[in-house]
Amino acid sequence: MTLTIRDVTKKYSIKSRKTVVNALNGVSLTVEKGKTLGIVGESGCGKSTLARLIVGLEQPTEGSLNWSGAPLGQGVRNGLRSHHTKTQLVFQDPYSSLNPRQTIGACIAEVIKTHKLRAEDQVNARVIELLSVVGIAEDMQNRFPHQLSGGQRQRVAIARALAAEPDLLVLDEPVSALDVSVRADVMNLLVDLKNQFNLTYIFISHDLSMVRHISDDIAVMYLGRVVEYGSWSEVLSSPKHPYTKALIQSIPEHTTVRGIDFENVLEGEVPDPANLPKGCAFNQRCPIAVPACAEKVPELLELTSHHLVACPEVLK
Amino acid sequence: MSNLLEIKNLSVVISDDKRVLVNDVSFELKAGEAVGVVGESGSGKTLSALSILGLLARGLRIDSGEINFQGKDLLKLSTEEMREIRGNQIAMIYQDPMTALNPVMKIGDQLMEVLDSHEHEIADRKAHILNGLAAVGIADPDRAFDSYPHEFSGGMRQRVMIAMSLLLSPQLLIADEPTTALDVTIQRQILALVARERKRRQMSMLWITHDLGVVANLVDRVIVMYAGRVVEVGTVEEMFKAPKHPYTAGLLASLPAVGNNREKLASIPGVPPKPWQVINNCAFAPRCSSAKDICFSHRPELKNNQTGSVACFFPLGGAS
Ligand SMILES: Nc1ncnc2c1ncn2[C@@H]1O[C@H](COP(=O)(O)OP(=O)(O)OP(=O)(O)O)[C@@H](O)[C@H]1O
Ligand SMILES: Nc1ncnc2c1ncn2[C@@H]1O[C@H](COP(=O)(O)OP(=O)(O)OP(=O)(O)O)[C@@H](O)[C@H]1O
Ligand SMILES: [Mg+2]
Ligand SMILES: [Mg+2]
């Protein structure tokens with residue numbers, strides 16, 4: 001089984017202002033079953049949009065998404081919920097994705113019941129088990145989302161996704177609100193589950209240390225496109241695209257105390273997705289840009305068999 | 001330097017059953033100082049911050065304590081006086097941007113409302129807002145001005161909120177996980193912006209975060225919280241080079257190793273305590289490898305030492 005994303009674009013048209021936001025501008029990726037694809041990139045480059053397309057919450061404007069040969073998203077549209085069980089999304093913003101009027105226990109139980117994953121009298125035990133794997137005490141199950149801390153809500157969102165026993169799990173910033181010790185526990189849990197059940201993950205995060213920890217392959221996105229792709233060690237140890245390099249340079253390391261003077265690593269503004277620049281989207285901010293970069297959108301080309309980069313200057 | 005903010009013995013409880021969520025918390029913040037707050041998820045960081053602004057949710061209340069800001073006890077102010085301070089002198093960046101942004105109101109209108117509800121000397125309000133949006137790296141401030149929050153990515157909402165918090169040049173900026181939704185290049189840009197603001201006009205900052213890399217590089221002092229209490233306070237150098245509380249040391253040990261090692265991540269053994277459990281011993285004792293009998297029968301007070309303070313009978317590195 002393979003997740004195949006082919007030439008996907010997503011446009012949001014905003015009628016009131018007669019503009020079109022180009023959230024995704026032609027993304028192609030494949031993820032083999034049992035593998036983890038890490039996705040990193042600029043804020044607003046389309047990561048969460050891609051996540052919503054993968055689980056079928058929204059449809060692409062162009063292109064296709066397939067999971068083990070079957071188109072993703074169709075299930076929901078046709079009223080078949082089957083596909084919905086197999087893929088789950090942990091939303092970036094757990095606050096808006098949890099029902100405020102439902103206790104967290106009821107919210108997890110609902111998933112188990114909808115998909116008939118346990119006998120009626122086993123549901124509660126399963127809820128408690130799921131809460132405990134994410135480090136939430138069982139007597140919190142009667143609380144409402146607003147009565148939890150940010151990190152507790154994030155863990156409930158993970159528990160709810162795991163409740164559906166998915167094959168393909170899309171995790172959008174799943175550990176950003178957790179303290180480093182709880183984060184380590186959740187990451188270890190994700191790795192164990194993946195190994196035990198051969199799960200496939202899409203792991204979206206701004207935390208490159210966690211992306212490095214869990215990913216087999218990494219895709220780096222900029223303004224709706226993949227600009228670099230390859231095995232985790234290649235992309236992180238020998239980044240080639242100037243944006244990837246800037247990203248890695250910007251990580252605030254805890255090994256330096258007061259060591260950063262917080263100057264911008266990257267100059268210039270992030271381009272506007274409603275008004276795409278001509279040529280390479282990064283060219284106006286790029287330290288190695290040549291005039292040709294403002295003419296043609298660079299293709300993602302092979303540097304080695306498992307490392308691709310969309311920059312003719314570094315491929316030279 | 002004089003103290004801008006002094007929190008004394010603050011406790012926050014659930015009104016119904018008086019269960020304690022923030023327990024006897026005290027700390028101070030000097031004018032121009034940046035202090036980081038780190039600690040366990042659920043340890044009371046957000047509730048402590050919300051208490052300063054008088055914004056606790058219904059069902060929660062401050063049971064005891066004082067919050068002195070520029071010599072005034074904020075807990076004694078009227079709703080009206082508090083509203084004037086909020087946003088104007090003390091601003092907050094919230095952990096969930098959607099709790100601060102109104103989903104059915106355009107961004108521009110929301111930012112205008114902030115300016116309208118306070119006294120200031122800004123002449124061209126719209127230009128001021130557009131500048132503020134550009135400063136946090138929003139590509140097209142005019143479009144943003146006319147957009148609704150749901151049209152934005154998570155990180156863009158976060159930046160709108162940061163722009164909102166800086167609109168009126170507050171003396172104290174409280175930031176709750178302000179940059180976790182941002183990629184590291186934009187995070188850099190935001191941190192550069194607040195560091196500049198801080199230098200330019202002596203703004204103080206209380207920076208709540210789980211990102212220890214940001215803490216190490218941004219703040220002067222660090223407060224560590226566990227189970228509703230402050231367990232350690234120290235300079236950023238002390239905290240990273242010689243943590244005194246075993247919980248602080250456990251946090252640092254949970255960071256992934258630098259380099260290409262992908263072994264199982266270390267974490268603190270055991271489970272975090274239930275937030276409301278009433279305990280008269282050290283809350284960390286059941287998870288602590290250096291705990292002795294006294295840790296299970298008595299509660300260590302937060303004691304000062306040369307460089308900071310720690311609440312532990314057997315602090316690491318010797319004498320407390
Ligand atoms: N419903 C919508 N209507 C209009 N524009 C949208 C909508 N959803 C997303 N966008 C736009 O699409 C672009 C991509 O957004 P997306 O949320 O996918 O980014 P992201 O990579 O997840 O960013 P972040 O790291 O900040 O979460 C942004 O410019 C955003 O403003
Ligand atoms: N409205 C509420 N009613 C009851 N309990 C609450 C309420 N709000 C928060 N709590 C509880 O109070 C404790 C402290 O919450 P707080 O949000 O301050 O934690 P935090 O330190 O900010 O954690 P995080 O790092 O996860 O954001 C948590 O255990 C939480 O479950
Ligand atoms: Mg996103
Ligand atoms: Mg919090």
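Lettering follows sequence order; numbering is per chain, from 1.
- Residues B:H210 and A:L178 have side chains not in contact (no heavy-atom distance under 4.5 Å, counting atoms from C-beta outward).
- Residue A:S48: no heavy atom, backbone or side chain, is found under 4.5 Å from chain B.
- Side-chain contact between B:T185 and A:Q249: absent, with no pair of heavy atoms (C-beta onward) separated by less than 4.5 Å.
- Heavy-atom pairs under 4.5 Å with chain B were tallied for A:S205, A:S132, A:C45, A:G151; the largest tally goes to A:G151.
- When the side chain to side chain donor-acceptor pair (under 3.5 Å) test is applied to B:Y247, no partner is found at least two apart in sequence or on another chain.
- Using a 4.5 Å heavy-atom threshold, the side chains of A:L247 and B:D183 count as touching.
- In this model, no donor atom of one side chain and acceptor atom of the other lie less than 3.5 Å apart for B:S41 and A:R183.
- Contact annotation for A:N275: neither backbone nor side-chain heavy atoms come within less than 4.5 Å of a heavy atom of chain B.
- B:K45 contributes atom NZ, which lies 6.5 Å from atom OG of A:S149 (distance to the nearest 0.5 angstrom).
- Residue B:S147 touches chain A through both its backbone and its side chain, counting heavy-atom pairs closer than 4.5 Å.
- Considering only heavy-atom pairs separated by less than 4.5 Å from chain B, the leading option among A:R155, A:H146, A:K47, A:Q147 is A:R155.
- Contacts of B:V236 with chain A are made by both backbone and side-chain atoms, with heavy-atom separations under 4.5 Å.
- Proximity to chain B involves both the backbone and the side chain of A:V180, based on heavy atoms less than 4.5 angstrom apart.
- Your options are B:L182, B:I186, B:T209, and the one with the most heavy-atom pairs under 4.5 Å with chain A is B:L182.
- For the options A:P273, A:P271, A:A177, heavy-atom pairs under 4.5 Å to chain B are most numerous at A:A177.
- The residue among A:E42, A:H206, A:M187, A:R153 with the most heavy atom pairs within less than 4.5 Å of chain B is A:H206.
- No part of B:D176 comes within reach of chain A, as not one of its non-hydrogen atoms sits under 4.5 angstrom from that chain.
- If you measure heavy-atom distances from B:Q158 to chain A, you find no contacts under 4.5 Å at all.
- For A:K35, the NZ atom counts as loosely surrounded, since its 6.0 Å shell holds 12 or fewer non-hydrogen atoms of other residues, nucleotides or ligands.
- Considering every non-hydrogen atom in both A:Q152 and B:G42, the closest pair reads NE2-CA, 3.9 Å.
- Summarising the geometry of B:R262 relative to A:I214, their closest heavy-atom pair is NH1-C, 3.7 Å, with the distance given to 0.1 Å.
- In this structure, B:V38 and A:D179 have side chains that are not in contact, with every pair of non-hydrogen atoms separated by 4.5 Å or more.
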Under the side-chain contact (heavy atoms from CB on, under 4.5 Å) rule, what do B:T180 and A:E173 come out as? Steps first, then yes or no, please.
CA-CA 9 Å; B:T180 33; A:E173 290 289 353; over 6 Å; no
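- B:R157 CZ to A:S43 OG: the interatomic distance, rounded to the nearest 0.5 Å, is 10.5 Å.
- Residue B:I138 touches chain A through its backbone alone, counting heavy-atom pairs closer than 4.5 Å.
- The two residues B:V214 and A:P252 make their nearest non-hydrogen contact at CG2-CG, 3.9 Å.
- Neither the backbone nor the side chain of B:A253 comes within less than 4.5 Å of any heavy atom in chain A.
- Here B:L255 is the residue among B:T46, B:L255, B:L212 with the most heavy-atom pairs under 4.5 Å with chain A.
- Taking 4.5 Å as the limit, some side-chain heavy atom of B:R188 sits within range of a side-chain heavy atom of A:S250.
- Remark: B:E237 engages A:R258 in a salt bridge (Lys or Arg N to Asp or Glu O under 4.0 Å) (not counting sequence neighbours).
- Contacts of B:S254 with chain A are made by both backbone and side-chain atoms, with heavy-atom separations under 4.5 Å.
- With a 4.5 angstrom heavy-atom cutoff, B:R58 does not touch chain A via any of its atoms.
- Contacts between A:L148 and chain B at a heavy-atom distance below 4.5 Å are absent for every atom of the residue.
- The closest side-chain heavy-atom distance from B:R143 to A:V21 is below 4.5 Å.
- Here the straight-line distance linking atom CG of B:D211 with atom CD1 of A:I251 works out to 10.5 Å at 0.5 Å rounding.
- Both the backbone and the side chain of B:L251 come within contact range of chain A, each with at least one heavy atom under 4.5 Å from a heavy atom of that chain.
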Determine whether A:D185 and B:S267 satisfy the following criterion, side-chain hydrogen bond (donor to acceptor under 3.5 Å, both in side chains), listing intermediate values before the conclusion.
CA-CA 6 Å; A:D185 287 334; B:S267 67; 2.6 Å; yes
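- Residues A:L208 and B:V184 form a side-chain contact, since some pair of their non-hydrogen atoms from C-beta on lies under 4.5 Å apart.
- Within the 4.5 angstrom heavy-atom criterion, only side-chain atoms of A:N188, from C-beta onward, approach chain B.
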